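Notes for the one structure printed next.
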Amino acid sequence: MTTNVMWRDVPLEALHTIDEQIYPPQPHSLPIPNEVLREAAATADLAAFFAIGEAWSQMVAHYLPRDARIVDIGCGCAKLARWFYVIPGVTYVGIDLFAPSIRWCQKVFAPYRDRFEFVHFDGHSEVYNPNGKIKSSEYVLPLEDQEVDMTVCGSLFTHLLEDDARHYLAEICRIAKPGGQAIISIHDKPKNGRFEGDEVRIDISDRYFRQMCAEAGMPVAEQIGVIYGQTAYLLRRPA
């Protein structure tokens with residue numbers, strides 16, 4: 001179970017210190033992450049990175065209340081956060097197991113640390129973090145009960161094994177305010193059965209995903225639609 005990616009072949013210790021060189025930071029603008037960080041988060045292609053981030057952030061913003069508290073699990077190198085940053089009143093926590101991305105985000109968002117926090121989760125993943133010390137099925141999100149308005153999981157459940165996915169759903173429910181929401185994307189075409197695949201790609205049937213969400217206390221409120229090849233669902237904790 002391997003993937004051919006740039007970050008496997010570069011020193012990671014200083015990766016967070018390097019921004020995109022072709023398009024350097026402009027006045028009052030956030031730097032752009034380098035191509036290795038972009039690839040680890042989604043795609044190295046700059047246009048696609050911006051297109052996916054903008055589409056996701058606009059979709060999420062459609063459902064946000066005023067002064068929303070957002071949690072982004074699998075935040076990468078701020079693919080969504082750089083767009084949320086321009087929404088007044090938003091507070092945000094980004095979580096990821098790829099440490100260079102978190103260090104880059106902490107550096108870039110340091111002037112805005114009163115609203116934006118980035119947390120490294122040393123989770124074990126055979127593909128993405130084989131030396132991680134914490135099982136995903138045992139990870140407790142670093143947030144209080146009923147604290148969050150919106151949890152975002154863009155292309156996270158596409159890589160979670162079933163026990164891990166069920167655990168994350170329970171944690172998302174725990175941190176959600178009454179009436180709090182989550183947007184989760186999945187691949188929804190298992191060839192055999194209802195849940196199949198490995199950490200490279202997981203597919204879950206629509207019916208089984210809805211069942212998992214309901215059992216976790218976060219039933220599906222809306223099937224939003226397909227966003228860049230994945231089906232996005234809006235979940236909502238009962239008020």
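No experiment lies behind these values; they were computed from the predicted model shown. Values below: all heavy atoms of this structure, side chains included; hydrogens, waters and symmetry mates excluded.
By the 30° and 60° cut-offs, the orientation of the rings of Tyr139 relative to Tyr168 is tilted. Note: Phe50 and Trp83 have perpendicular aromatic rings, judged against thresholds of 30 and 60 degrees for the angle between ring planes. Ring geometry for Phe157 against Phe209 counts as perpendicular: the plane angle is over 60°, on a 0 to 90° scale with 30° as the lower cut.
Between Glu35 atom CD and Cys77 atom SG the span is 11.5 Å, to the nearest 0.5 Å. Interatomic distance, Thr151 OG1 to Gln181 CD, rounded to the nearest 0.5 Å: 10.0 Å. In this structure, Cys75 SG and Leu97 CG are separated by 9.5 Å, a value rounded to the nearest 0.5 Å. In this structure, SG on Cys153 lies 4.0 Å from CD1 on Ile172, to the nearest 0.5 angstrom. Atom CD1 of Ile186 and atom SG of Cys213 lie 8.0 Å apart (nearest 0.5 Å). The structure places CD of Glu215 at 4.5 Å from CD of Gln211, a figure rounded to the nearest 0.5 Å.
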Requested in this report: Please lay out, stage by stage, how Glu162 and Tyr208 fare under the test side-chain contact (heavy atoms from CB on, under 4.5 Å).
Outcome: CA-CA 11 Å; Glu162 184 169 352; Tyr208 193 54; 2.4 Å; yes
Query raised in the report: When you look at Phe84 and Val60, which way does the side-chain contact (heavy atoms from CB on, under 4.5 Å) test go after all the steps?
Result: CA-CA 9 Å; Phe84 294 145; Val60 171; 3.8 Å; yes
Report task. Start with the C-alpha gap between Glu117 and Tyr92, add the side-chain angles, then the distance that decides, and say whether side-chain contact (heavy atoms from CB on, under 4.5 Å) holds. Result -> CA-CA 6 Å; Glu117 177 184 2; Tyr92 170 101; over 6 Å; no
Report task. Go through the steps for Asp19 and Lys107 under the test salt bridge (charged side-chain N to carboxylate O under 4.0 Å, His left out), then give the verdict. Result -> CA-CA 11 Å; Asp19 300 328; Lys107 176 195 72 171; 2.9 Å; yes
Query raised in the report: Could you walk me through whether Ser185 and Tyr233 pass the side-chain contact (heavy atoms from CB on, under 4.5 Å) check?
Result: CA-CA 6 Å; Ser185 67; Tyr233 292 81; over 6 Å; no
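If you chain together hydrophobic residues whose side chains sit under 4.5 Å apart, Met150 and Val86 fall into the same group. Side-chain heavy atoms closer than 4.5 Å link hydrophobic residues (I, L, V, M, F, W, Y) into clusters, and following such links, possibly through other members, connects Ile73 to Ile184. Under a hydrophobic clustering in which Ile, Leu, Val, Met, Phe, Trp and Tyr are joined whenever their side-chain heavy atoms come within less than 4.5 Å, directly or via other members, Met212 and Ile175 fall into the same cluster. Linking ILVMFWY residues whenever their side-chain heavy atoms come closer than 4.5 Å, directly or via other members, leaves Phe49 and Ile18 in distinct clusters. Hydrophobic clustering (ILVMFWY, side-chain heavy atoms < 4.5 Å, transitive): Ile52 and Leu46 are in distinct clusters.
Scored by the side-chain hydrogen bond (donor to acceptor under 3.5 Å, both in side chains) test, Lys177 finds Asp149 as partners (sequence neighbours excluded). Residues forming a side-chain hydrogen bond (donor to acceptor under 3.5 Å, both in side chains) with Ser155 (at least two apart in sequence, or on another chain): Thr158, Gln230.
For the pair Ser29 (side chain) and Pro25 (backbone), a donor-acceptor distance under 3.5 Å is absent. Arg174 places no side-chain N or O within 3.5 Å of a backbone atom of Val140 that could act as its donor or acceptor partner. Of the possible donor and acceptor atoms, one in the side chain of Arg82 sits under 3.5 Å from a partner among the backbone N and O of Leu30. Side chain of Asp164 to main chain of Ser137: a donor-acceptor pair is present (N/O by atom type, distance under 3.5 Å, no hydrogens or angles). Between the side chain of Gln26 and the main chain of Pro24, a donor-acceptor pair closer than 3.5 Å is present. For Glu196 (side chain) and Asn192 (main-chain N/O), a donor-acceptor pair under 3.5 Å exists by modelled atom type. Between the side chain of Glu199 and the backbone N or O of Glu126, at least one donor-acceptor pair lies under 3.5 Å. Using modelled atom types, no side-chain atom of Arg69 and backbone atom of Val148 make a donor-acceptor pair closer than 3.5 Å. Although no hydrogens or angles enter the test, the distance criterion places a donor-acceptor pair under 3.5 Å between the side chain of Arg237 and the main chain of Ala176.
At a threshold of 4.5 Å between non-hydrogen side-chain atoms, the residues Leu143 and Val71 count as touching. Taking 4.5 Å as the limit, every side-chain heavy atom of Ile22 sits out of range of all side-chain heavy atoms of Ile32. Contact of the Pro111 side chain with the Arg113 side chain is not registered, since no non-hydrogen atoms from C-beta on lie closer than 4.5 Å. In this structure the side chain of His124 never reaches within 4.5 angstrom of the side chain of Asn131, judged on heavy atoms. With a 4.5 Å cut-off on side-chain heavy atoms, Ile87 and Tyr85 do not count as touching. Residues Asp72 and Val93 have side chains not in contact (no heavy-atom distance under 4.5 Å, counting atoms from C-beta outward). In this structure, the side chains of Ile70 and Val90 come closer than 4.5 Å at one or more pairs of heavy atoms. Between Ile202 and His187 the shortest side-chain heavy-atom distance does not fall below 4.5 Å.
The shortest heavy-atom contact between Gly217 and Pro238 is O-CD, 3.5 Å. Across Asp67 and Pro88, no two heavy atoms sit closer than the pair OD1-O, 4.4 Å. The minimum heavy-atom distance linking Ala42 with Lys79 is given by the pair CB-CD, 3.9 Å. Smallest separation of non-hydrogen atoms from Ile95 and Pro142: CD1-CD, 3.7 Å. The heavy-atom pair separating Ala232 from Ile183 by the smallest distance is CB-CG2, 4.4 Å. The heavy-atom pair separating Arg38 from Pro33 by the smallest distance is NH1-O, 2.7 Å.
Residues Asn129 and Asp122 bring a donor and an acceptor atom of their side chains to less than 3.5 Å of each other. Trp104 and Asn34 share no donor-acceptor pair across their side chains, judged by distance under 3.5 Å alone.
With a 6.0 Å radius and a threshold of 12 heavy atoms from other residues, nucleotides or ligands, Lys135 has its NZ atom at or below the threshold.
If you run ring-ring contact (aromatic ring centres under 6.0 Å, His included) between Phe118 and each of Tyr112, Phe109, Phe98, only Phe109 comes through.
Between Arg207 and Asp188 no salt bridge is recorded (no basic side-chain N to carboxylate O distance below 4.0 Å). A salt bridge is defined here as a Lys NZ or Arg NE, NH1 or NH2 lying under 4.0 Å from an Asp or Glu carboxylate O, and Asp203 with Arg201 meets this definition.
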Going by atom type alone, with no hydrogens or angles, which donor-acceptor pairs under 3.5 Å involve a side-chain atom of residues 218-228 and a protein atom two or more places apart or on another chain?
| residue | atom | partner | partner atom | Å |
| --- | --- | --- | --- | --- |
| Glu222 | OE1 | Tyr63 | OH | 3.2 |
| Glu222 | OE2 | Tyr63 | OH | 2.9 |
| Gln223 | OE1 | Arg210 | NH2 | 3.4 |

